[in-house]
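Notes for the one structure printed next.
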Amino acid sequence: MSKELPKNYSAAEHEERIYRQWEESGFFNPDNLPGKRPENFSIVLPPPNATGILHLGHASMLAYQDVMARYQRLRGKKVLWLPGTDHAAIATQNVVEKKISKEENKTKEDLGREEFLRRVREFVAGSQDTIRTQVRRMGASLDWSRERYTLDEALSRTVNTVFKKMYDDELIYRGYRIVNWCPRCHSTLADDEVEYKEQKTPFYYFKYGPVIIGTARPETKFADKIIIVHPDDARYKDMIGKSFTVPWIEGEVEAVVIADASADPELGTGAMTITPAHSFVDYELAQKYDLEIVKIIDEDGNLTEVAGRFAGQNAQQARAAIVEAMSAQGLIDRIDEEYVHNLSVCYRCGTAIEPLPSRQWFVDVNKEIPGRGKSLKRLSLEAVETGLNDKKIDIMPAKFEKVYFHWMNNLHDWCISRQIWWGHRIPVWYKDKGDGEPEIFVGLKPPTGEGWRQDEDTLDTWFSSALWTFSTLLDQDHTKYDTWEEWLANSPDLKDFHPTSVMETGYDIIFFWVARMILMTTYVLAEIPFEKVYLHGLVRDKQGRKMSKSLGNGIDPIAMIDKYGADALRLSMMVGATPGNDIRLYDEKIEGYRNFVNKLWNISRYIFGRVNEIKVIDKAPPPNSIADQWILEKLNEVIEKVTGYLDSDKLDFSNAIVELYHFTWGDFADKYIERSKKEEGKDEILLFILQQLLKLWHPLTPYVTEALWGNISDKKLMIQAWPDEIKLQKTKFNGREFQDIIDMTSEINSLKAKAGIAQTKIVKATYKTEFIAEYLKILAEEARLEYVDDKQEHWTPVDVGHVLMFVDIDKQQIDQHLNREKKELQEYIKNQEKKLANKEFVANAPAAVVAKERHKLEEYQQKLNNLN
RNA sequence: GGGCAUAUAGCUCAGUUGGUUAGAGCGUUCGGUUUACAUCCGAAAGGUCCUUGGUUCGAGUCCAAGUAUGCCCACCA
């Protein structure tokens, strides 16, 4: 029975229903997939922050991952794609702090720790709901039954377990060191959480005893008493090792001159003083020479008592007064007002970072891991370089391997404690012992006994994210297990799905996240977290600008889904995208793919309306015309190509789409279906090709294909089998002949357009090759011409492929066109003859190439003859 | 300062290991269309493949230098 579909595909009418059916089917959960599935395929979703709403970055990531998941599912693998969200410590705390400040004019201290955390939890629950709904709208085939959250009990236990393990292995230590401090967030930041912003600030040159020193930050200079000069600098050679009494901001100081190669003789006066407490470079020098580290700015950004009369003032704001005071003392040599330098700022709130010494928890990346013979750094490098247990991480595109190695090689110890409330509380307890250092307890639960207090700080959010590939796969019913080993051994998902198959994420978080997952996982499990890293680019606007609130050029993916449908949005984000390169997105592009989705709908609409019975056709029906043969051959080509593009070692989504698009619209709809209207008995082959197409498109455009498939079968398209290459029997029908007809038709259409003829009635042909009568008849039908036996002198020759024919378009009418064509042909022939006359070409080029060139020359000559 | 990309039609992009007359989509122009789809069909115009030099019988493709744009890292006391 045939079926009548609506004229246009309306995504809004289908998507919600289809997604619900998928969820109800249970097939997002690998445990429910039908059939034997010996191979596993897994991806863990990079957890969106629990702060907010879906943006295009999420949308494109979901599109890529869903294509992989659906493709592998169709290929018969047991596919797990695991969703989740991240508590995003600083980001979330900032959002909620702002909200409370705006709505209630209160600080988090006003509320207190417990109440504030309750508010954050409430906020997170709300945004998690938003995210869940929005992720579904993209069509993402995620296993929601395994949804995780970084603050889930089992995941938190994993965090604490790993912390303790690292502490016991002495890979985590507490130390007093210089750290990046954000005075606004009132917390430390990791090195890569610091961003740089170019800024013009005055640069001051001060008279410091025998030398002139330069600085952009006079407010840090109170305690400077070490002068560094280059050992080979002739100007200062005699001063090395000597002391000077120097008049300085708060009275005289004793300055010592030290020689070190880090002083650049070319720069300024070649002499500098150092501020160990507030500069990373100076801190390292101070370590090297065992110098005193004097803290001048405190955690609130205020000057300490070292600053004398300026103590207690905000460091930044006190700068002017300090400079004025120094000016009054005649200490200023000159001021450069045009100085431009990079100011380090907090990546979350944009506040200027204050490097200062502080007691914090660190991960030691250079220390040898007990029993492993290498450091965390070494382990992380090897995972990508040579592999671990014969499994190597493959990074796509490969250029990011170099970036990874460079970053990892230069990695410093990782500061993991944060002075914020939202996050995993550091599992460390202290008990004062009267004098000196307190007793320390590290464990999963508070120690028994009196007087223990837990560390106030929380862990860097990336500490828990770094465990994501395996903390999510552990048995969540963790209370059953007393030990870590027992827990690991009884987590079947971990066995089945780890290492995960692909980590698909943006190149912008390769350091934050990808590198840290490698570091932590190789340490904790002694295996890699994923076999492949696919790094997608950023989504930008049509001008290539980053989408941002201030520019107002942001595109809301949900609005685009409402307008054009999820399938169209997915396609428009993937076409033209190659790993590691940014992609431009704009309305017209999405609209174009909306049109395509509608085309696919109408192809089906036509076929469903025309066939006698809609049914599943598994096997290719035998061809009974040259068009049939042609389309089956084309289908085979496209199956082979698309399979190759979607396979894990290629992951070329863009080319897969372009290939399918041309086959679907150009070959199938415009050529084959049009032809099939004039032939009999096409039901089965039309249905067959359509069904193969729906399967091929399904990973890319899941909604429309599933909606259409619903007219064919009760079974879900998402669990069908991926098309195999069709075994084509040799028949009397030559597909090449249909291709010739297409080329001829195109040529005749072109002539008609040039001659300004709307309709032409006749064709007469002579043939270059043996030619069946049917062939001509088809051509006449295709080009809307009438076939006659005799040609007349003034008719125009048309020469394509194996066919030469004469059309009753008067040569005079298209004289210009013909002359131009002749001229071009003569030109080609000349070039071709020249090429073939070149002995070196004939001698050096491969024989096949030379033969091809010869053949080409003959063709040109033949064509020219025919025109004359 | 160090490094990595990218540069092809008006726009967005393809272009395999060097070897047809460099392609697609959108846009533009012309023509068609009671037909599954005006979210359609047919056709055309449009290119100094950033510049210069090199390798080669042959370069959009390989090499060098330059220009432009973008990004990453380091950070200037």
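By convention in this document, chain letters (A, B, ...) are assigned in the order of the sequence lines, proteins followed by strands, and residues within each chain are numbered from 1.
Using a 4.0 Å heavy-atom cutoff across all strands shown, A/Ala843 reaches no nucleic acid atom at all. Within 4.0 Å of A/Lys852, counting heavy atoms only, lies no atom of the nucleic acid at all. Among the heavy atoms of the strands, none lies under 4.0 Å from A/Asp582. The residue A/Thr745 sits apart from the nucleic acid: no heavy atom pair falls under 4.0 Å. A/Tyr196 comes within 4.0 angstrom of a nucleotide base, judged by non-hydrogen atoms across all strands. Using a 4.0 Å heavy-atom criterion, one finds that A/Glu827 contacts no nucleic acid atom at all. Base engagement by A/Lys599 is indicated by at least one non-hydrogen atom pair under 4.0 Å involving a base atom. Looking at heavy-atom distances under 4.0 Å, A/Asn749 makes contact with sugar-phosphate atoms alone, never a base. Nucleic acid contact class of A/Ser746 (heavy atoms, under 4.0 Å, all strands): sugar-phosphate only. A/Phe203 comes within 4.0 angstrom of the backbone, heavy atoms only, and of no base. No engagement by A/Asp282 is indicated, since no non-hydrogen atom pair under 4.0 Å with the nucleic acid exists. Backbone-only engagement by A/Asn838 is indicated by non-hydrogen atom pairs under 4.0 Å involving sugar-phosphate atoms exclusively. Contacts of A/Arg584 with the nucleic acid, taken as non-hydrogen atoms under 4.0 Å apart, involve only primed sugar atoms and P, OP1 or OP2. Using a 4.0 Å heavy-atom cutoff across all strands shown, A/Gly592 reaches no nucleic acid atom at all.
Taking a pair to require two hydrogen-bonding distances under 3.5 Å in either a Watson-Crick or a G-U wobble arrangement, B/C30 pairs with B/G42. B/G47 is unpaired under the criterion used here, namely a Watson-Crick or G-U wobble arrangement in which both key atom distances are under 3.5 Å. Searching all strands for a Watson-Crick or G-U wobble partner of B/G70 with both distances below 3.5 Å returns B/C4. B/A59 makes up no base pair with any nucleotide shown, lacking Watson-Crick or G-U wobble contacts both under 3.5 Å. Nucleotide B/A64 has B/U52 as its partner under the Watson-Crick or G-U criteria, with both atom distances under 3.5 Å.
Of the candidate nucleotides B/A24, B/A36, B/U12, B/A36 has the atom lying nearest to any side-chain atom of A/Ile603. The listed nucleotides are B/U39, B/A36, B/U21; the one nearest the side chain of A/Arg594 is B/U39. With distances taken from any side-chain atom of A/Lys402 to the nucleotides B/C72, B/A5, B/C40, the minimum falls on B/A5. Side chain of A/Phe841, nearest nucleotide from B/U21, B/C57, B/C4: B/C57. Side-chain atoms of A/Asn598 lie closest to B/U39 of the nucleotides B/U39, B/A36, B/A5. Across B/A36, B/A5, B/U20, the shortest atom-to-atom separation from the side chain of A/Tyr606 is found for B/A36.
Ion pairing of A/Glu354 with A/Arg217 is present here, as a side-chain N (NZ or NE/NH1/NH2) and a carboxylate O approach within less than 4.0 Å. For the pair A/Asp224 and A/Lys221, the salt-bridge criterion is met [side-chain N within less than 4.0 Å of a carboxylate O].
As rounded to whole Å, 15 Å separates atom P of B/U21 from atom NZ of A/Lys830. Atoms CD (A/Glu284) and C1' (B/C76) sit 15 Å apart, rounded to a whole Å.
In summary, the side chains of A/Tyr347 and A/Glu193 do present a donor paired with an acceptor at a separation below 3.5 Å, with no hydrogens or angles considered. Counting only N and O atoms by type, the side chains of A/Tyr208 and A/Asp333 include no donor and acceptor under 3.5 Å apart.
On a pure distance criterion of 3.5 Å, no polar donor-acceptor pair joins the side chain of A/Lys7 and the base of B/C37. Taking 3.5 Å as the limit, the base of B/A24 and the side chain of A/Glu659 contain no donor-acceptor pair of atoms between them.
At B/G42, none of the side-chain N or O atoms of A/Ser750 fall inside 4.0 Å of OP1 or OP2 (strictly under the cut-off). Phosphate contact (OP1/OP2 of B/U21, side-chain N/O of A/Lys856, threshold under 4.0 Å): present. The side chain of A/Lys677 places an N or O atom within less than 4.0 Å of a non-bridging phosphate oxygen (OP1 or OP2) of B/A36. Between A/Lys671 and B/C41, a side-chain N or O to OP1/OP2 separation shorter than 4.0 Å is absent.
Between A/Asn8 and A/Val403, the residue anchored nearer the 5' end of RNA chain B, judged by the nucleotide with its closest heavy atom, is A/Asn8. Between A/Ala753 and A/Val849, it is A/Val849 whose nearest contact on RNA chain B lies nearer the 5' terminus.
Between A/His14 and A/Trp601, the angle of the ring planes lies from 30° to 60°, which puts this pair in the tilted group. Note on ring orientation: taking the six-membered ring where Trp is involved, the planes of A/Phe596 and A/Trp665 are tilted (angle from 30° to 60°). Note: A/Phe663 and A/Phe668 have parallel aromatic rings, judged against thresholds of 30 and 60 degrees for the angle between ring planes.
Comparing B/G19 with B/G15, their C1' atoms sit 14 Å apart, to the nearest whole Å.
A cation-pi arrangement is present between A/Lys677 and A/Tyr606, with the terminal nitrogen or guanidinium carbon under 6.0 Å from the aromatic centre and inside a 45° cone about the axis.
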